[in-house]
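Just the heavy atoms: all of them, side chains too, but no hydrogens, waters or symmetry mates, feed the values below. Convention: sequence-line order gives letters A, B, ...; per-chain numbering from 1. In this text, all values refer to a predicted model and were calculated from it rather than measured experimentally.
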2 protein chains.
Amino acid sequence: MTERGFEATLSIGDATVTAKDIELLRAIDRTGSLSAAAASLGRSYAHLQRRVVELESEIGSLTTRQRGGADGGGTALTDRAHQLCARFDRLHAELTGVTTVDESVFHGTVTVRSGQIGTVETDIGPIRALVPETERTPVRVGVRSDAVVLDTPDGAANENETSRRNSYDGKVSSVDTQDGIVRIGVSINGHELRALLTAESCTRLDLAVGDPVCASFKATAARAVTDRSTADNR
Amino acid sequence: MTERGFEATLSIGDATVTAKDIELLRAIDRTGSLSAAAASLGRSYAHLQRRVVELESEIGSLTTRQRGGADGGGTALTDRAHQLCARFDRLHAELTGVTTVDESVFHGTVTVRSGQIGTVETDIGPIRALVPETERTPVRVGVRSDAVVLDTPDGAANENETSRRNSYDGKVSSVDTQDGIVRIGVSINGHELRALLTAESCTRLDLAVGDPVCASFKATAARAVTDRSTADNR
DNA sequence: CACCGATGTATCTATGCGGACACAACGTCG
DNA sequence: CGACGTTGTGTCCGCATAGATACATCGGTG
C-alpha cells in the first residue's frame with residue numbers, strides 16, 4: 001500500500017531549518033550543553049557545533065553558549081529558538097493531519113473562474129473550489145474528509161446565512177468508528193464523499209448506514225489540480 | 001520572515017518516491033525516452049536509468065522500455081506510473097494548502113479526553129479538538145483558517161443537526177480581499193480567529209468590520225500539540 | 001549487413017555530508 | 001596555579017550521491 005509522507009521545513013531568509021535541526025535544538029534544551037546533546041543524539045560534537053554556528057549566522061541568535069566556569073560551561077536556547085521549535089511543531093502537526101486524513105477526489109472541468117476560485121462540474125454536481133491559476137481543465141478536485149460537515153437534511157442552514165458554498169444530499173454508505181473518531185462514507189449520485197466526525201457528533205446526528213444526510217464543505221477547503229492522467233487513480 | 005515549507009514523499013513498502021522521482025517520470029512521459037529525459041533535465045543518463053531500475057525493483061513496473069527499432073527504441077510510462085504522479089500531485093496540492101493557509105492558535109489545557117478527541121479550555125472557551133495520545137497539557141490548538149465557517153448569528157444551525165462541534169460568537173475585526181479570496185479576522189473574547197472565505201460568500205453574508213458573526217469549525221479540523229515553550233509564539 | 005538511436009552496464013571521479021580525532025581557549029574551584 | 005568540563009577550530013577519512021565516459025546490446029531501415 002502507498003503511504004503519504006512529508007518532511008517539514010521552515011525557511012528564514014535563505015536558511016532552511018529541518019526536522020533534524022529542531023531535534024538538535026531540543027536535545028540542547030534537554031541536556032543543557034552541546035556536548036551532552038551530541039552524546040544524547042549519538043552524533044559528533046563537531047558537527048552539532050558547526051551546525052549551530054551556521055544556523056545562527058543565517059537566522060540570528062538561537063543559543064547562549066558559555067565556556068568555562070564551575071560546571072565547565074553550557075548552552076541554553078534563546079526564546080527565539082523556543083519559538084522556532086513551537087512553530088515547527090505546529091507545522092508538523094498540520095502536515096501530519098494532511099497525510100493522515102483521507103480525501104475524496106472528483107474529476108471534472110472548470111466552467112467559471114474568478115480569481116483563485118472556480119466552479120468545477122463533477123459527477124456529484126458543481127463544486128466551488130480553489131483553482132490555482134496554473135491548473136488547467138480537466139482537473140481533479142480533492143476534498144479533505146476533516147473539512148466535510150454533515151447535517152440532517154432538513155437542518156441544513158439557509159444558503160444566505162453561511163459561508164459554506166458546497167452542499168450535497170446523499171445517503172450514508174459506511175460508518176467506521178475507531179478511537180473516538182468516525183469515518184463516514186456518503187454516497188452522492190453514486191460517488192463517495194468521505195467525512196471525518198467525532199463519535200459524539202455521530203451519535204448526536206444519529207447516523208446509520210442508509211440514512212439521508214446533507215454533506216457540505218467550504219470552497220476554500222477544496223483544491224483542484226490539473227488532471228494529467230487518463231487512467232483513474234488510487 | 002519565516003516561511004513554512006515541506007517536501008512531499010510517497011512510500012510504497014520500503015521505497016520512497018520523492019519530488020525528484022516524479023519530475024523524472026514526468027520528463028520521461030514528456031520526451032518519450034530516458035536519454036531525452038536526461039538531456040531535458042540536464043542530468044546524466046546513467047543516473048536516470050539506474051534510478052528507474054531501482055524504483056521498479058522496489059515498487060513494480062513503472063515504464064515500458066524498448067531498445068532497437070526504427071526510432072531506436074524509447075520509454076513510456078505505465079498506468080501505474082501515471083497514477084503515482086497523480087497521487088503525488090494531490091498530496092503536493094494538499095500540503096501546499098497547509099503551508100499557504102494561515103492558522104489561529106489558542107493556548108489551553110486538556111480537560112476531557114475520549115480516544116483521540118479532547119476538550120481544551122482556552123481563552124475563547126472550550127474547544128473540541130483532535131488530541132493525539134502523545135500530546136500533554138498544556139497544549140496549543142491550531143485551527144486552519146480554511147476550515148472555519150462563518151454564519152450570521154441567528155442563522156447558525158441547531159446544534160443537534162450538524163456535525164460541527166465548536167461554535168463561537170464574535171465580531172469581524174478585519175477583512176482583506178485578494179484575488180477572489182477573503183481573509184477575515186474574527187475577534188472572540190479579545191482573541192482573533194482567522195477565517196478564509198470566497199469573495200462571493202463574503203458579499204452574500206454582507207460582512208463588514210464590526211459585524212457580529214458566528215464562527216464554527218469541526219473538532220477534527222482542530223489539532224492540539226503539547227506546549228513546550230514558555231514564551232509566546234509567532 | 002552496416003548504420004542509427006535508443007537502452008543496458010561497468011568503472012572512474014568529483015562533491016558534499018558527517019563522524020573521528022586532536023588541540024586550543026575559557027573560567028571557576030580546590 | 002593546576003584540574004576540569006565545557007566550547008571553539010582544524011584536519012582527515014569513510015560513505016553516499018551523481019556526473020562522465022566507455023562500451024555492449026537491441027532491432028528496424030536503407
**OP:** Using heavy atoms and a sub-4.0 Å distance, could you list which residues of residues 26-40 of chain A are near DNA chain C? By number, please.
**Re:** none
Original post:
For B:Glu56, does the CD atom have more than 12 heavy-atom neighbours from other residues, nucleotides or ligands under 6.0 Å away?
Top reply: yes
Original post:
Of A:Arg4, A:Arg140, A:Arg223, which meets salt bridge (Lys or Arg N to Asp or Glu O under 4.0 Å) against B:Glu94?
Top reply: A:Arg4
**OP:** Would you check if the side chain of B:Asn166 reaches a backbone N or O of B:Arg128 as a donor-acceptor pair within less than 3.5 Å?
**Re:** yes
Original post:
C:dG8 phosphate, OP1 or OP2: any side-chain N/O from B:Arg65 under 4.0 angstrom?
Top reply: yes
**OP:** Would you tell me whether B:Ser61 and B:Arg80 have side-chain atoms, one donor and one acceptor, within less than 3.5 Å of each other?
**Re:** no
Original post:
Considering residues, nucleotides and ligands other than A:Gln178, do more than 12 of their heavy atoms fall under 6.0 Å from its CD?
Top reply: no
**OP:** At under 4.0 Å between heavy atoms, which parts of nucleotides 25-30 of chain C does protein reach? Answer with one letter per nucleotide, 5' to 3': B base, S sugar-phosphate only, - none.
**Re:** BBBSS-
**OP:** Could you note down all residue pairs passing salt bridge (Lys or Arg N to Asp or Glu O under 4.0 Å) where residues 9-28 of chain A supplies at least one of them, sequence neighbours left out?
**Re:** A:Asp21-A:Arg51, A:Arg26-A:Asp89
Subject >> Residues touching DNA chain D, which here means a heavy atom under 4.0 Å, drawn from residues 14-25 of chain A >> reply: none
Subject >> Position toward the 5' end of DNA chain C (nearest nucleotide), A:Leu48 or B:Asp71 >> reply: B:Asp71
Original post:
Atom CD of B:Glu54 to atom C1' of C:dG8: distance rounded to whole Å?
Top reply: 16 Å
Original post:
Is any side-chain heavy atom of B:Val182 closer than 4.5 Å to a side-chain heavy atom of B:Leu196?
Top reply: no
**OP:** Rounded off to whole Å, could you give me the NE2-to-C1' distance for the B:His47 and C:dA14 pair?
**Re:** 15 Å
Subject >> First-last contacting nucleotides on DNA chain D - partner chain B, under 4.0 angstrom, heavy atom >> reply: D:dA18 to D:dT29
What are the atom names and distances for every N/O pair under 3.5 Å that joins the protein to nucleotides 10-12 of chain C?
unit_1 : atom_1 : unit_2  : atom_2 : d
C:dT11 : O4     : B:Arg50 : NH1    : 3.4

Subject >> Results of ring pair (Phe, Tyr, Trp, His ring centres under 6.0 Å) for B:His191 - residues two or more places apart only >> reply: none
**OP:** Not counting sequence neighbours, which residues clear side chain to side chain donor-acceptor pair (under 3.5 Å) with B:Gln116? List them please.
**Re:** none
**OP:** State which residues pass salt bridge (charged side-chain N to carboxylate O under 4.0 Å, His left out) with B:Arg194; sequence neighbours excluded, sorted by chain then number.
**Re:** B:Asp102, B:Glu192
Subject >> Main-chain N/O of A:Asp123 paired with A:Asn189 side-chain donor or acceptor, under 3.5 Å >> reply: yes
Original post:
With sequence neighbours excluded, what pairs up with A:Ser44 under the side chain to side chain donor-acceptor pair (under 3.5 Å) test?
Top reply: none
Subject >> Residue list, side chain to side chain donor-acceptor pair (under 3.5 Å) with B:Glu135, at least two apart or on another chain >> reply: B:Thr226
Using distance only, find each side-chain donor-acceptor pair of residues 68-77 of chain A under 3.5 Å and give its atom names and separation, not counting sequence neighbours.
unit_1  : atom_1 : unit_2  : atom_2 : d
A:Asp71 : OD1    : A:Gly73 : N      : 3.2

**OP:** State whether the number of non-hydrogen atoms from other residues, nucleotides or ligands found under 6.0 Å of A:Glu3 atom CD is greater than 12.
**Re:** no
